[in-house]
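A short worksheet on the structure shown next.
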Amino acid sequence: MYLLRSLAIAISMYSKIPVPMADWNEKNMKYAMCFFPVVGAVTGGLQLFIGYLLLEYTSCGTLFFAIAMALIPVLVSGGIHLDGFADTVDALSSYGDREKKLEILKDPNTGAFAVIGLCVYFLADTALWSEVTMELLPVIACTYMFSRSLSGISVVTFRAAKNSGLLRTFQDGAQRKRVRAVLILWACACGGIMLYLSWKTAVIVILAALLVFLYYHRMSRKQFGGITGDLAGYFLQVCELAMLAGAVLSRGMR
């Protein structure tokens with residue numbers, strides 16, 4: 001029963017999907033991060049279903065399709081990861097010292113660089129989706145689980161930049177070794193499915209994700225002294241964009 005409560009915590013925290021409330025106690029928090037990829041499964045499933053309907057059963061234009069696909073992850077997550085992306089862009093653009101950057105992450109105000117970063121992100125995302133075909137959709141649907149598996153692995157593996165905050169709450173409450181093992185299994189399963197669907201696309205997509213993961217680890221340690229919830233959100237958004245770009249790039253390769 002406590003696993004169902006852990007599932008409810010993960011879904012309620014990282015999405016707008018309605019689920020029963022669960023207490024954030026030590027027992028329920030132990031394995032909550034194991035279920036983070038479930039939110040990705042819902043997101044990918046919706047994109048696969050809606051994308052299939054739009055491409056096969058409607059005469060909608062490319063722009064309409066691309067915008068619809070770009071908005072689905074935002075509607076499912078409620079924008080929680082985009083908030084982290086925006087805050088991180090602001091912090092990185094400040095060129096201040098480590099303490100200054102951490103202060104900016106905590107600032108509830110949105111800076112000019114965050115707005116610019118979000119505009120650029122959605123333009124790039126929409127442009128990439130405009131190049132997606134039906135053949136690519138199944139692989140892209142899997143990327144949302146894969147990216148969340150990597151994000152969860154970072155939460156239970158990387159050093160935290162602060163001794164407080166939501167990310168530290170998940171770190172302290174998790175059974176790290178078991179959670180890490182489950183998330184690695186998630187990642188391997190997603191990778192295997194993508195390779196089965198299209199090995200060429202999968203190789204490029206997985207390589208893109210791993211390169212972003214390495215960048216995330218190096219950048220977070222150098223710029224912030226560790227990771228925070230905002231940085232984890234930043235990683236997730238950049239990783240998904242890179243994987244989408246990788247899928248589109250594979251389409252033009254022989």
Side-chain angles (χ1 to χ4, degrees), residues 9-18 24 36 39-40 42-43 46-47 63 66-130 143-144 147-148 150-152 154-155 158-171 212-213 215-245:
I9 288 173
I11 293 176
S12 64
M13 179 62 215
Y14 294 111
S15 78
K16 288 295 183 179
I17 303 170
W24 284 42
F36 188 22
V39 179
V42 174
T43 304
L46 282 173
Q47 287 203 314
L63 182 60
I67 292 175
M69 293 296 99
L71 289 178
I72 288 173
V74 183
L75 295 177
V76 173
S77 70
I80 184 173
H81 310 300
L82 282 169
D83 177 67
F85 173 84
D87 288 343
T88 303
V89 169
D90 256 347
L92 291 173
S93 301
S94 72
Y95 294 101
D97 59 21
R98 183 176 295 176
E99 293 304 318
K100 176 65 175 178
K101 291 186 177 75
L102 289 173
E103 286 180 14
I104 292 174
L105 291 182
K106 294 189 296 182
D107 191 343
N109 298 309
T110 301
F113 288 107
V115 176
I116 294 170
L118 287 171
C119 290
V120 171
Y121 184 91
F122 278 112
L123 281 173
D125 197 33
T126 302
L128 289 169
W129 271 111
S130 70
T143 64
Y144 294 93
S147 61
R148 281 162 176 77
L150 293 181
S151 182
S154 76
V155 169
F158 294 174
R159 182 174 66 193
K162 301 182 295 182
N163 292 322
S164 60
L166 188 59
L167 180 135
R168 192 56 187 258
T169 300
F170 273 91
Q171 282 188 332
V212 174
F213 190 70
Y215 156 75
Y216 166 49
H217 179 251
R218 182 175 181 277
M219 179 274 291
S220 62
R221 287 178 64 89
K222 181 178 179 181
Q223 301 288 342
F224 299 92
I227 63 170
T228 68
D230 285 325
L231 289 170
Y234 172 83
F235 160 72
L236 195 66
Q237 296 296 153
V238 175
C239 184
E240 289 176 358
L241 190 66
M243 295 177 85
L244 179 59

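This chain uses plain numbering: 1 for the first residue, then up along the sequence.
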Can you check whether [X] reaches [Y] side chain to side chain, under 4.5 Å on heavy atoms?
{"X": "Q223", "Y": "L231", "answer": "no"}
{"X": "L128", "Y": "L241", "answer": "yes"}
{"X": "I227", "Y": "S154", "answer": "yes"}
{"X": "Y14", "Y": "L236", "answer": "no"}

By side-chain contact (heavy atoms from CB on, under 4.5 Å) - contacts of [X] (at least two apart):
{"X": "S130", "result": "T62, A66"}
{"X": "I67", "result": "L63, L71, T126"}
{"X": "V238", "result": "F85, V212, Y234"}
{"X": "A91", "result": "K101, I104, L105, F224"}

**Request:** Given side-chain contact (heavy atoms from CB on, under 4.5 Å), test L46 with Y144 step by step and report yes or no.
**Result:** CA-CA 11 Å; L46 282 173; Y144 294 93; over 6 Å; no

**Request:** Working to the nearest 0.5 Å, report the span between OG of S151 and CZ of F36.
**Result:**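 Answer for the OG-CZ pair, S151 versus F36, is 4.5 Å.
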
**Prompt:** Measuring from L244:CG to M69:CE, what's the distance to the nearest 0.5 Å?
**Reply:**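 Taking CG in L244 and CE in M69, the distance rounds to 11.5 Å.
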
Enumerate, atom names and distances included, each donor-acceptor pair closer than 3.5 Å involving a side-chain atom of residues 106-115, sequence neighbours excluded.
| residue | atom | partner | partner atom | Å |
| --- | --- | --- | --- | --- |
| D107 | OD1 | N109 | N | 2.9 |
| D107 | OD1 | N109 | ND2 | 3.1 |

**Pairs touching residues 68-88 that satisfy side-chain hydrogen bond (donor to acceptor under 3.5 Å, both in side chains), sequence neighbours left out** =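 The answer is none; no pair qualifies.
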
**Request:** Mind jotting down which residue pairs meet the side-chain hydrogen bond (donor to acceptor under 3.5 Å, both in side chains) criterion with at least one end in residues 112-125? Sequence neighbours excluded, please.
**Result:**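 Residue pairs passing side-chain hydrogen bond (donor to acceptor under 3.5 Å, both in side chains), neighbours aside: Y121-Q237.
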
**Message:** Looking at S12 and I9, would you say the former's side chain and the latter's main chain have a donor-acceptor pair under 3.5 Å?
**Reply:**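 Checked: pair present.
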
If I compare all heavy atoms of [X] with all of [Y], which pair ends up nearest, and what's the gap?
{"X": "R221", "Y": "R98", "result": "O-NH2, 3.6 Å"}
{"X": "L92", "Y": "M219", "result": "CD2-SD, 4.0 Å"}
{"X": "R159", "Y": "G225", "result": "NE-O, 3.1 Å"}
{"X": "V89", "Y": "G117", "result": "CG1-CA, 4.4 Å"}

**Prompt:** Do any pairs count as a salt bridge (charged side-chain N to carboxylate O under 4.0 Å, His left out) and have a residue in residues 232-243, sequence neighbours left out, and if so which ones?
**Reply:**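 For residues 232-243, and leaving out neighbouring residues, the salt bridge (charged side-chain N to carboxylate O under 4.0 Å, His left out) pairs sorted by first residue read R148-E240.
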
